[in-house]
Amino acid sequence: MSRYFTEKYASLTPYTPGEQPKDMQYVKLNTNESPFPPSPGVEKAVMEQCGRLQLYSDPESTALRTKLAEIYGVKPSQVIAVNGSDEVLNFAFMAFADEIAFPDITYGFYPVFAQLNGIPYEQIPLKADFSIDPDDYVNLNKTIVIANPNAPTGLCLSLGQIEKIVRSNPDHVVIIDEAYVDFGGESAVQLVSKYDNLLVTMTFSKSRSMAGARLGFGIGSEDLIADLNTIRYSTNPYNVNRMTEFAGCAALVENDYYMANCRVIMENREWTTGQLQALGFDVLPSMANFVFAKTERIDGGKLYVELKKRGILVRHFTKERIKDYNRITIGTMEQMQALIGAIKDILEEQTL
Ligand code: PMP
């Protein structure tokens with residue numbers, strides 16, 4: 001830390017993104033990216049916009065928001081487009097939270113956004129089976145953020161459970177982070193017309209194969225979106241760049257391609273779960289594009305290291321409650337076969 005770093009941030013622990021090593025080509029199952037490339041229209045859109053980069057992007061992302069509104073059955077004024085859903089989450093913390101609650105095991109960026117913005121936060125323990133008890137959030141009287149499906153567990157709350165939380169906290173915003181909703185969860189977007197305190201956030205990074213383009217969005221009441229725009233226009237009005245906005249529009253035209261890819265991921269997830277269980281793993285029932293698994297046959301940290309030696313990257317967290325587990329992104333069938341083959345070899349070596 002330099003001597004110039006402001007006192008305000010001196011104790012800030014930043015988020016640690018999943019590793020992106022350059023030393024060799026890995027089977028990359030550590031950051032929940034899609035194994036499938038973007039659809040052909042996306043490349044064309046990016047190429048077209050390359051020649052127009054002398055112009056700023058549309059600060060309203062009008063074309064993109066209009067398409068998103070059509071797909072999700074809301075008005076364009078109920079949609080905000082952002083530079084990855086991390087951005088709208090940070091904006092929402094800034095705009096709506098004096099105090100915020102979220103589960104003890106969840107997306108690691110929530111405590112960072114809270115610290116960054118000086119917001120006191122409560123971490124509510126998941127139940128022993130790693131599920132969220134919705135009753136812990138009923139009448140909480142604080143801003144709430146819940147990832148649904150949750151990460152890194154992959155477990156979902158039902159729409160009814162989400163509604164109960166939203167309905168019982170009318171004086172606070174409830175943020176539902178649906179980064180992984182396209183892999184089998186039920187979206188709370190259908191509740192936004194009923195509850196003006198509900199903000200749903202989504203991303204193009206997972207189901208729509210565009211993690212590198214940085215595109216996310218939020219859907220809520222017109223008033224919530226207006227507040228988020230006040231924050232956005234006070235930080236970076238051109239937050240979505242020109243290439244990304246057009247890439248996003250093109251992806252939405254080819255939405256069927258992405259939804260078909262999600263079905264493949266779900267099938268591969270079920271196959272991988274079965275294979276891991278057959279090898280003696282406990283696998284949480286995931287509704288996301290990853291599984292969270294542990295086995296008594298090998299330490300979680302050791303499995304991560306051994307897989308990496310064999311060219312397969314998964315995500316291991318050192319937090320006490322989940323250190324036995326690894327989070328494994330679901331890729332193509334070929335990648336999952338490579339994973340299972342490597343795990344078999346590692347477990348066999350263990351028993352020699
Ligand atoms: N929410 C959750 C639960 C996530 O796991 C991620 C991905 N790291 C995000 C939000 C943010 O994704 P992005 O900024 O790429 O949209």
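Count residues from 1 along the sequence. Atoms within a ligand are numbered from 1 in the order they appear, just like the ligands themselves. Basis for what follows: all heavy atoms, side chains included, without hydrogens, waters or symmetry-related copies.
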Nearest heavy atom to atom 15 (O) of ligand 1 wins, so pick from Ser205, Ala151, Pro149. Ser205
Parallel under 30°, tilted from 30 to 60°, perpendicular over 60°: which one fits the rings of Tyr304 and His316? parallel
Would one find an N or O of Tyr15, backbone or side chain, under 3.5 Å from an N or O of ligand 1? no
Applying a strict 4.0 Å limit to heavy atoms, is Phe109 in contact with ligand 1? no
Heavy atom of Arg214, distance to ligand 1 below 4.0 Å: yes
If we set the cut-off at 4.0 Å for heavy atoms, which region of Ser85 has an atom near ligand 1: side chain, backbone, both, or neither? both
Testing the 3.5 Å rule here: is there a donor-acceptor pair between the side chains of Tyr180 and Asn32? yes
After noting the C-alpha distance and the side-chain angles of Glu163 and Lys194, does the key distance pass the salt bridge (Lys or Arg N to Asp or Glu O under 4.0 Å) rule? CA-CA 10 Å; Glu163 182 164 9; Lys194 211 164 148 191; 2.8 Å; yes
Evaluate Lys302 against Glu349 for salt bridge (Lys or Arg N to Asp or Glu O under 4.0 Å), listing each step before the verdict. CA-CA 12 Å; Lys302 178 145 193 236; Glu349 273 178 25; over 6 Å; no
Part of Glu87 with heavy atoms under 4.0 Å of ligand 1, whether side chain, backbone, both or neither: neither
Is the Tyr107 ring parallel, tilted or perpendicular to the Phe109 ring (thresholds 30°, 60°)? perpendicular
Atom 5 (O) of ligand 1 [closest protein heavy-atom partner, distance rounded to 0.1 Å]: Tyr180 OH, 2.7 Å
Ligand-residue contact atoms, ligand 1 with Gly84, heavy atoms, under 4.0 Å: 14 (O), 16 (O)
Hey, can you tell me if Tyr121 and Phe102 have their rings parallel, tilted or perpendicular (30° and 60° cut-offs)? parallel
Taking only heavy atoms of Ala179 into account, list the atoms of ligand 1 that are under 4.0 Å away from them. 1 (N), 2 (C), 10 (C)
Rounding to 0.5 Å, atoms CG (Asp177) and CE (Met202) come to a distance of 10.0 Å
Is the side chain of Thr295 donor-acceptor paired with the backbone N or O of Gly280 at a distance under 3.5 Å, no angle test? yes
Counting heavy atoms only, which part of Phe204 comes closer than 4.0 Å to ligand 1: side chain, backbone, both or neither? neither
Nearest protein heavy atom with distance in Å, relative to atom 8 (N) of ligand 1: Tyr107 OH, 3.1 Å
Is Asp177 touching ligand 1 with its side chain, its backbone, both, or neither, if touching means heavy atoms under 4.0 Å apart? side chain
Minimum-distance protein heavy atom relative to atom 16 (O) of ligand 1: Thr203 OG1, 2.5 Å
Suppose I only count heavy atoms of Lys206 and a 4.0 Å limit; which atoms of ligand 1 are within that range? 7 (C), 8 (N)
Nitrogen or oxygen atoms of Asp86 and ligand 1 under 3.5 Å apart: yes
Hey, quick one: are Tyr110 and Tyr137 part of the same hydrophobic cluster, counting side-chain heavy atoms closer than 4.5 Å, chains of contacts allowed? no
Do Leu89 and Ile176 share a hydrophobic cluster, counting only Ile, Leu, Val, Met, Phe, Trp and Tyr and linking them when any side-chain heavy atoms are less than 4.5 Å apart? no
